[in-house]
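Worksheet: the structure to be examined is printed underneath.
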Amino acid sequence: MSEALMRLVRHVRPGMRVLLPVDYAGVAMALTRPLIAHLSAQGGAGLHLICVPTGGLQADLLIGAGLVASIETSAMSLGEAGGAPQFNQAVKEGRIALRDATCPAIHAGLMAAQKGVPFLPMRGLIGSDVLRHRPDWKVIDNPLSDTPDPIALIPAIQADVAIFHVPLADRDGNVRIGRRRELAAMAYAAKTTLVTAEKITETSLLSDEVSAAGVLPALYVTEVAEAREGARPYGLWGQYSGDTQELIRYAKMARSPQGFADYLAGYMGGAAV
Amino acid sequence: MSEALMRLVRHVRPGMRVLLPVDYAGVAMALTRPLIAHLSAQGGAGLHLICVPTGGLQADLLIGAGLVASIETSAMSLGEAGGAPQFNQAVKEGRIALRDATCPAIHAGLMAAQKGVPFLPMRGLIGSDVLRHRPDWKVIDNPLSDTPDPIALIPAIQADVAIFHVPLADRDGNVRIGRRRELAAMAYAAKTTLVTAEKITETSLLSDEVSAAGVLPALYVTEVAEAREGARPYGLWGQYSGDTQELIRYAKMARSPQGFADYLAGYMGGAAV
Amino acid sequence: MSAAVLPRELLISTIATLLEGVGHVAVGASSPAPAAGAMLARALAEEAGARLRLSILGSVEHNFFTNGSAELFDCAAQGRIDAFFLGGGQIDGRGNVNLVGLGGYPQSQLRWPGSFGSAYLYYVVPRVILFREEHSPRVLVGEAEFISAPGTSPEGVHRSGGPVALLTGKCLFHFDKARAGFTLVSLHPGVSLEEVKDLTGFAFQHAANVPQTPLPEGARLQLLRGRVRAEVAGSYPAFATSWGAELKSEAKA
Amino acid sequence: MSAAVLPRELLISTIATLLEGVGHVAVGASSPAPAAGAMLARALAEEAGARLRLSILGSVEHNFFTNGSAELFDCAAQGRIDAFFLGGGQIDGRGNVNLVGLGGYPQSQLRWPGSFGSAYLYYVVPRVILFREEHSPRVLVGEAEFISAPGTSPEGVHRSGGPVALLTGKCLFHFDKARAGFTLVSLHPGVSLEEVKDLTGFAFQHAANVPQTPLPEGARLQLLRGRVRAEVAGSYPAFATSWGAELKSEAKA
């Protein structure tokens, strides 16, 4: 595992609240193996994962590797490959604390953190069992309404670390996020942001107004490392497609503890250190 | 005045709530004359202006032309040319209703409208006379806090129309806003969005991921018209600088009713219809 | 002689009918039939000089959003989304949907992916179309075990949207908000009322004579098999391919 | 022989001292001296192997924000802005600032542009430096007529920032949060304590002997007149030009 990737994952410590992006936004899959190696060495990582707003392979691998204490997510899915087997099993057995959400609630929680406020209100939710099982979400009467008007409040999601993958970064640490503004939302809400990039360029990404529009400024980025093909087996927008066959292969193997262990061994034994 | 510009301003009716951008974000100055002509013909336009988050020449001209009933703004300024004379006079004489704000409160109000919620909370404000003079802003005790924790709530700013200028639009109505995301915030919060563009291109602005990042999709844009040099005498980001001398000339003339009337006559008499 | 109408073509055509008058419809990433239905509705709208916008979520090419994955929900919040589709592990007689799982909570013995955006979109999109090909008592239940999103809300709870219809591989129901219940409005060819009653775990209303779901024909069917099938191949290549194969084998029959 | 230190150079150098240790400072669009002070602080930080980020608001070239004009405030909300400058039509003895006007409200007989972001930033930026070249009883008053933003907040009101210093063309005050009052810490060359007392409309504390504000010299002065003056010319050409002209005429004298 490259020293650059190890340098990134050393920022992640047991018990941290970790933001991970949805599969089409740019998942730092290349960091998964270093993360598992680094945290397993520390024993019982107890990470609190927050999927923005849904999770997939990366979260499932971390759960299967025993590194997750809790997960907040709107859904866990491997797309065409079906459900996430390690998540399903861990939930069934009660091995991880579960915070079911719905996508806009996760966006609301991140926006509250972005704005430095304790909560953001949100419509919907009332009468849903998702709300019923979230003691941290409150329903109040809208103080600005003349008539009774219940509305839910979503608390700010303050995270320790955000981790994602992008097509391009520059030497200053500015990273291209394009239309994937949820990556900016993650970085705004996290103390530390770790980014892998297909490529690091010498030209400043802020040097022209067209390019600059889709850039997350270096101010919000703690560290960047190059990782070509870094999202695989997921695709990366504008760069390459995902590998559904690999996800199906994982889904099959990960259905059983032995199968998952075999997959993980193969995964961890991959490239030379 | 071009028929295309007149077509745009016909969407603006008396009594409407109008969002206008800050001077460096792209002001549709080319629409000012058609707007004044169109609304003056209707008599007593009584517009409710909301400056995002501060106002300048465009708002001052509308105020001086007698078309404004109220203004919400964090500040009114002509930059190096000093204060906004018609605003100052109208405020002194009590001719327009004044809603002093502070920049992030206007952003919060627009975000609440964007999210379809009645309010957004905001820190600061408590003990400020800005808050004291805003009966529409409420202070509540943070329902998520164990200890007393007062926090202000800013109501959603639901606007009828947003008006701004951009460097480029395409034939589908997608418009380039670059890093000026407040223009998107305005469009999300308005029922109608009118945009002038330096140029209209045949190539779709969404056709490549780098370009698409700084685009406001046509879904939010009601109508676009071409207006070369359309922000002048303001500058336009990435395109041309502002004309401080013209602002100084305006500021001088607009200090008196007669001076303003002379300026406006010259302004309205400008190009042939 | 062209092939008889395929089951999927009936569904796609019915979806397009349910979308009549809509300006902007959002379709989830794993929904080929709704996407095709929306594409047919778009083609028909264009013939009539109107316009229908289609957002296919999770797609890069067929997604004109530029503000990240929050934008769909903001768009709906602003009232700019007219229609949306929802499936559901369980759909019950009051229109409640369960996307989370069965056999207890939080330790669901059978866990599904999760609620996605349903606990919000179900409340704010005016025309939510419930769509499940599988019509069985395990899907259409008397009472959902977990309510990802309720079919209706009490008076006084802000709600601008909700379910309007439930389309399955057997029939079409409309949803009556006032009654919080379904009404069977048409049976697909070859399906009887008794069969639907047997396979549906909730009570529903129906007229004495339930008509057949109209089949697409003539120009509509041509549009479906031509332009729409070509368009849907871009986002759902496997779906388009199997559709083409079915047409070939039907034409031979 | 090089010119004696100019008044503006003393202010710029003092501002840089007030910014020691800061990671990110935001400067308003019409603030050449604070911008220059931040540029000097940045140059000094680089020499020490540290880094200081400078955002000049309203600038296209010297603004690395990519999320529109809300971003400065979000950035401050996230605790990512360490220092900010504020002027004020009036600044009173309790650190309250008035950016709105005089002679009544809302019908201010003398109306200023407005509060801009002060009613928020004053509360959340840890190091707000009040800066007014004009030191007079009309600016430094006993009680501000309109409070755009208060100098302190009561216990129990969430507040992570506020004023730390007030720098004028005559002297430097520190702000004591606990006392909600100013302490005079240094007098600029040629300014007496009596003069400051005459020109200040509020009471303030001071030591028996108030030292002189340190003048920049040696390498610091060279940095100021060289790199910083060149850098500030990019955003404030008129300021840089008049600075250069003053230096020339001082050198001849």
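Order of the sequence lines sets the chain letters (A, B, ...), proteins ahead of strands, with each chain counted from 1.
Using a 4.5 Å cut-off on side-chain heavy atoms (C-beta onward), D129(A) and S148(C) make no contact. Put simply, the side chain of R180(A) reaches to within 4.5 Å of the side chain of S69(C), judged on heavy atoms.
The stretch residues 100-107 of chain C places V100(C), Y105(C), P106(C), Q107(C) near chain A, each with some heavy atom under 4.5 Å from a heavy atom of that chain. Against chain C, the residues from residues 102-111 of chain A that qualify, each with a non-hydrogen atom under 4.5 angstrom away, are T102(A), C103(A), P104(A), H107(A) in number order. Residues of residues 133-145 of chain C that come closer than 4.5 Å to chain A, counting heavy atoms only, are E145(C), ordered by residue number. Contacts from residues 76-96 of chain A to chain C, taken as heavy-atom pairs separated by less than 4.5 Å, involve M76(A), S77(A), F87(A), N88(A), V91(A), K92(A), E93(A), G94(A) in sequence order.
Considering only heavy-atom pairs separated by less than 4.5 Å from chain A, the leading option among G114(C), A238(C), A119(C), A76(C) is A119(C). Chain C forms more heavy-atom pairs under 4.5 Å with one residue of P53(A), A75(A), A185(A), P21(A) than with any other, namely A75(A). For the options V52(A), D149(A), L98(A), V22(A), heavy-atom pairs under 4.5 Å to chain C are most numerous at L98(A). Among the candidates I151(A), D100(A), T54(A), the residue making the largest number of heavy-atom pairs closer than 4.5 Å to chain C is D100(A).
Counted within 6.0 Å of CZ on R229(C), heavy atoms from surrounding residues, nucleotides or ligands total more than 12; the atom is thus considered enclosed.
In plain terms, the two heavy atoms of H133(A) and F146(C) that are nearest each other are CD2-CE1, 3.7 Å. Nearest heavy atoms, I126(A) versus Y123(C): O-OH, 2.7 Å. The two residues Y120(C) and M122(A) make their nearest non-hydrogen contact at CD1-CE, 3.8 Å.
Contacts of Y122(C) with chain A are absent, with no heavy-atom separation under 4.5 Å from either backbone or side chain.
Of the possible polar contacts, none joining the R123(A) side chain to the H158(C) backbone as a donor-acceptor pair under 3.5 Å is found. A donor-acceptor pair under 3.5 Å is absent between the side-chain atoms of E182(A) and the main chain of G68(C), judged by distance alone.
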